Amino acid sequence: MNYCVIGFPISHSLSPALHNRAFRKLKVRARYTAVEVAPSDLGLFMRDFSSKYSGANVTIPHKEKILDFLDELSPEVRAIGACNTIVNRGGKLFGYNTDVLGFMDALKSEGVRNLKGKNAIVLGAGGAARAVVYALKKMGAHITILNRTLEHAQKLAKNFGQNFGGLEDFNKLKCDILVNTTSVGMWHKENKKYMSEAPVSICHCERHCFGFGRPRPRNDMIIMDIIYRPRMTKLLRDAKKAGCKIITGDKMFMNQAKRSFELFTICS
Ligand code: ATR
């Protein structure tokens with residue numbers, strides 16, 4: 001049985017190592033590879049997918065476009081409009097989204113179960129952001145989506161009845177939990193190095209500020225990055241220096257992978 005993760009870029013992905021190790025451990029005869037698929041090649045790649053693969057993970061930037069190639073969508077994929085896991089059952093392709101539970105499991109593992117009445121900021125408005133916004137809404141948070149391209153933020157905010165703005169609005173907002181879903185700070189294939197940038201700047205000066213005119217962050221402010229390579233992104237390093245509670249991206253990555261693996265092996 002062959003499985004893969006498709007994305008563009010894909011060299012940063014740790015999914016092959018993780019899934020192959022789990023297959024070996026459970027003595028499942030299967031192989032999991034990373035396949036770089038450019039956005040313009042997605043249709044071509046999906047044409048003979050079902051004859052080649054038993055399942056796949058889908059990552060940046062295909063999580064939304066992939067829906068056009070699936071036969072059945074889980075209720076979550078339908079609600080979110082993004083899919084990160086495909087299971088091939090007898091030639092029929094089923095789409096799931098394990099990012100939602102992966103994200104919620106990551107928060108739970110850090111003791112966060114309920115965000116009722118809390119102010120959440122989501123950076124980014126792509127496929128991963130859709131799952132994060134869906135999960136945060138389920139947990140009761142009031143959400144503001146901030147994105148480089150305002151129209152994308154607006155569209156996502158409208159879908160979920162939430163607020164939106166540009167990344168530059170970050171310092172004007174109240175924030176109990178911030179989640180970065182943009183790719184800023186991720187391992188960079190071309191440069192073969194980590195991007196030493198953060199999507200927003202968190203001031204960590206000793207005294208009193210968290211951006212202009214804002215009080216210093218409280219210890220209970222949570223800053224989470226869903227990037228897992230590197231584990232400590234610049235955003236998280238800055239947040240730590242500023243005294244915030246941080247949640248690294250490997251937590252969500254491991255949890256979503258575990259749920260995808262269950263779909264590949266137990267339920268198929
Ligand atoms: P994914 O499926 O992982 O969410 P995606 O759909 O390609 O991937 O979304 C990537 C997100 O990162 C988008 O919100 C994108 O912003 P735009 O909507 O403006 O494209 C954001 N992003 C990518 N590169 C960025 C950069 N250099 N600065 C700020 N935001 C960036």
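Remember, it's 1-based here, ligands and their atoms both numbered in the order they're listed. Nothing here was measured: the structure is a model prediction, and the numbers come from that model.
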Note: heavy atom closest to atom 16 (O) of ligand 1, options Thr181, Val132, Asp99, Asn147, belongs to Asn147
Under 3.5 Å, is there a donor-acceptor pair between the Arg130 and Asn97 side chains? no
Whether the side chain of Arg78 engages the backbone of Leu73 through a donor-acceptor N/O pair (distance < 3.5 Å, no angle test) should be reported. yes
How long is the gap from NZ on Lys258 to CG on Asp105, to the nearest 0.5 Å? 6.5 Å
Can you run down the ring pair (Phe, Tyr, Trp, His ring centres under 6.0 Å) pairs that involve residues 22-41, sequence neighbours left out, and say none if there aren't any? Tyr3-Phe23, His19-Tyr32, Phe23-Phe261
Could you measure the distance from the CZ atom of Phe164 to the CG atom of Asp169? Nearest 0.5 Å is fine. 9.5 Å
Option set Gly185, Gly7, Pro39, Ala128, criterion heavy-atom distance to atom 1 (P) of ligand 1, minimum: Ala128
Where Leu70 and Gly95 come nearest, the two heavy atoms and their spacing: CD1-CA, 3.8 Å
Distance under 4.0 Å to a non-hydrogen atom of Gly124: what atoms of ligand 1 satisfy this? 14 (O)
If the cut-off is 4.0 Å to any non-hydrogen atom of Gly127, which atoms of ligand 1 fall inside it? 1 (P), 2 (O), 4 (O), 6 (O)
So for Val184 against ligand 1, with non-hydrogen atoms under 4.0 Å, the contacting part is side chain
Side chains of Thr98 and Asn84: do they bring a donor and an acceptor to under 3.5 Å? yes
Holding to salt bridge (charged side-chain N to carboxylate O under 4.0 Å, His left out), I want the full list of residues that pass it with Glu72, two or more places apart in sequence or in another chain. Lys92
Only heavy atoms of Ser183, strictly under 4.0 Å: list the atoms of ligand 1 that pass. 12 (O), 23 (C), 24 (N)
Need the ligand 1 atom indices (1-based, order shown) with element for anything under 4.0 Å from a heavy-atom of Pro61. 7 (O)
Between ligand 1 and Thr182, is the shortest N or O to N or O distance under 3.5 Å? no
Going by the side chain to side chain donor-acceptor pair (under 3.5 Å) test, name the single residue among Thr248, Thr182, Thr233 that passes it with Asp225. Thr233
N/O to N/O below 3.5 Å, does that happen between Thr59 and ligand 1? no
For atom 31 (C) of ligand 1, which candidate among His62, Lys155, Arg148 holds the nearest heavy atom? Arg148
Counting from 1 in the order shown, the ligand 1 atoms closer than 4.0 Å to a non-hydrogen atom of His152 are 17 (P), 18 (O)
Under 3.5 Å between some N or O of ligand 1 and some N or O of Thr149? yes
Does Pro199 come within less than 4.0 Å of ligand 1, judged by its heavy atoms? no
